[in-house]
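What follows is a set of notes on a single structure, which appears directly below.
In what follows, residues are counted from 1 in the order of the sequence shown.
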Amino acid sequence: MTGLFLALLLPAVPAVASVEDASALAAYVRARAADSAGSVEQAAGNYAAALALAPQNEVLAARALSQAIAAGDRTLALQAARVLDSSGKLAPDGRLLLIGDAFRSKQWKEAGAQIERLEQDEVFSFMTPLLRAWLAQGSGKGDPLALLQGASGNALTSTYASEHRPLLLLARGKAKEGAAALAPLLDDPSIRSQRLRIAAAAIVARKSGRS
């Protein structure tokens, strides 16, 4: 059984496994057991330990990413996503994590590169005009509203663009225009309108804090 786990989980190793290989396997087995028992946070902790010992293992990284998202473990999720990205095995939803992290850390060049890759994946390509608009806003390079205005040809993109336009106006300090554009979108009590309210409030609070 142990030999089978090693064959499936770990990269090719000499006939005698190293201490690190054995430790990674033990952490992996503990993670699977915790996962099966519904102990999400414990499973994530053991996946993190296993991935630290076998940092290039794609199978382990894929499981770690899934568990990290379930547990809300951002550090592990990003670590696993980067392993999968380097091997060309990162799924589009995982790429969104890397884009979000690049925005959060203001690594604009990296954010742009990840957006390009997201567009190639096609699954979330409808989001790329919106992401490029926010990239222009964050980096100060380009006109985000013009980029958003040019987003057409996809009904889903157009729908989201109409929601992001007032948020971008607010982010650019155009409070009256932003509020006017936002008002028609807040008429219904849907979850989407509630999220828009929260996002708009967060942007206004952040702008006020800087003034």
Side-chain angles (χ1 to χ4, degrees), residues 61-62 64-66 68-174 177-178 181-188 190-207:
L65 177 58
S66 177
I69 292 173
D73 189 330
R74 178 171 166 269
T75 299
L76 176 58
L78 288 170
Q79 180 186 0
R82 290 188 180 107
V83 171
L84 294 168
D85 190 30
S86 65
S87 63
K89 299 293 179 63
L90 182 63
D93 53 350
R95 192 167 304 287
L96 291 174
L97 287 171
L98 298 184
I99 292 173
D101 186 61
F103 269 88
R104 189 177 290 106
S105 57
K106 298 182 179 181
Q107 296 178 355
W108 307 122
K109 184 176 180 179
E110 173 65 13
Q114 291 294 345
I115 291 170
E116 290 289 338
R117 293 174 191 168
L118 186 73
E119 186 172 42
Q120 294 169 8
D121 287 330
E122 296 186 356
V123 176
F124 291 113
S125 60
F126 72 91
M127 295 180 63
T128 55
L130 314 175
L131 291 169
R132 288 193 176 106
W134 283 106
L135 177 60
Q137 171 64 21
S139 65
K141 297 180 179 179
D143 185 343
L145 293 171
L147 288 171
L148 206 60
Q149 185 67 30
S152 60
N154 184 299
L156 195 55
T157 300
S158 297
T159 297
Y160 279 101
S162 68
E163 296 175 356
H164 282 254
R165 181 174 177 274
L167 298 179
L168 278 166
L169 285 168
L170 293 174
R172 294 180 71 76
K174 299 181 178 182
E177 291 180 56
L182 190 63
L185 304 176
L186 302 180
D187 289 338
D188 65 272
S190 67
I191 293 177
R192 179 171 291 178
S193 69
Q194 293 174 28
R195 289 175 178 171
L196 278 172
R197 288 178 189 273
I198 293 171
I203 290 171
V204 171
R206 189 158 54 246
K207 294 291 290 183

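- Between Leu168 and Ala133, the closest heavy-atom pair is CD1-CB, 3.9 Å.
- Minimum heavy-atom separation, Ala68 to Ala77: CB-N, 3.4 Å.
- A donor-acceptor contact shorter than 3.5 Å is absent between the side chain of Ser193 and the backbone of Leu185.
- Taking both residues in full, the closest heavy atoms of Leu169 and Ala181 are given as CD1-CB, 4.2 Å, listed atom of the first, atom of the second, then distance.
- For Arg165 (side chain) and Leu148 (main-chain N/O), no donor-acceptor pair under 3.5 Å exists by modelled atom type.
- Atom CG of Leu135 sits about 13.0 Å away from atom NZ of Lys109, to the nearest 0.5 Å.
- Proximity of Leu90 to Asp121: side-chain heavy atoms (C-beta onward) are nowhere separated by under 4.5 Å.
- Note: His164 NE2 to Gln137 CD = 13.0 Å, rounded to the nearest 0.5 Å.
- To the nearest 0.5 angstrom, Asp101 atom CG is 6.5 Å from Gln107 atom CD.
- Rounded to the nearest 0.5 Å, atoms CD1 (Ile115) and CZ (Phe124) are 14.0 Å apart.
- At least one donor-acceptor pair under 3.5 Å links the side chain of Asn154 to the backbone N or O of Leu156.
- To the nearest 0.5 Å, atoms CG (Leu131) and CG (Leu147) are separated by 11.5 Å.
- Partners of Ser139 by side-chain contact (heavy atoms from CB on, under 4.5 Å), not counting sequence neighbours, listed by chain and number: Trp108, Lys141.
- Under the 4.5 Å side-chain criterion, counting only non-hydrogen atoms from C-beta, Gln120 is not in contact with Arg95.
- With values rounded to the nearest 0.5 angstrom, Leu96 atom CG is found 5.0 Å from Met127 atom CE.
- Evaluation of the side-chain hydrogen bond (donor to acceptor under 3.5 Å, both in side chains) rule for Glu110 yields Gln114 as partners, not counting sequence neighbours.
- Minimum interatomic distance between Ala200 and Leu182 (heavy atoms only, all atoms of both residues): CB-CD2, 3.5 Å.
- The minimum heavy-atom distance linking Tyr160 with Phe126 is given by the pair CE1-CE1, 3.8 Å.
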Between Leu196 and Leu167, is a side-chain contact (heavy atoms from CB on, under 4.5 Å) present by the stated rule, with each step listed?
CA-CA 8 Å; Leu196 278 172; Leu167 298 179; 4.1 Å; yes
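- Within the 4.5 Å cutoff, the side chain of Asp93 has no heavy atoms near those of the Ile69 side chain.
- Using a 4.5 Å heavy-atom cutoff, the side chains of Arg117 and Asp85 are in contact.
- Across every non-hydrogen atom of Leu98 and Ala81, the tightest pair is CD2-CB, 3.9 Å.
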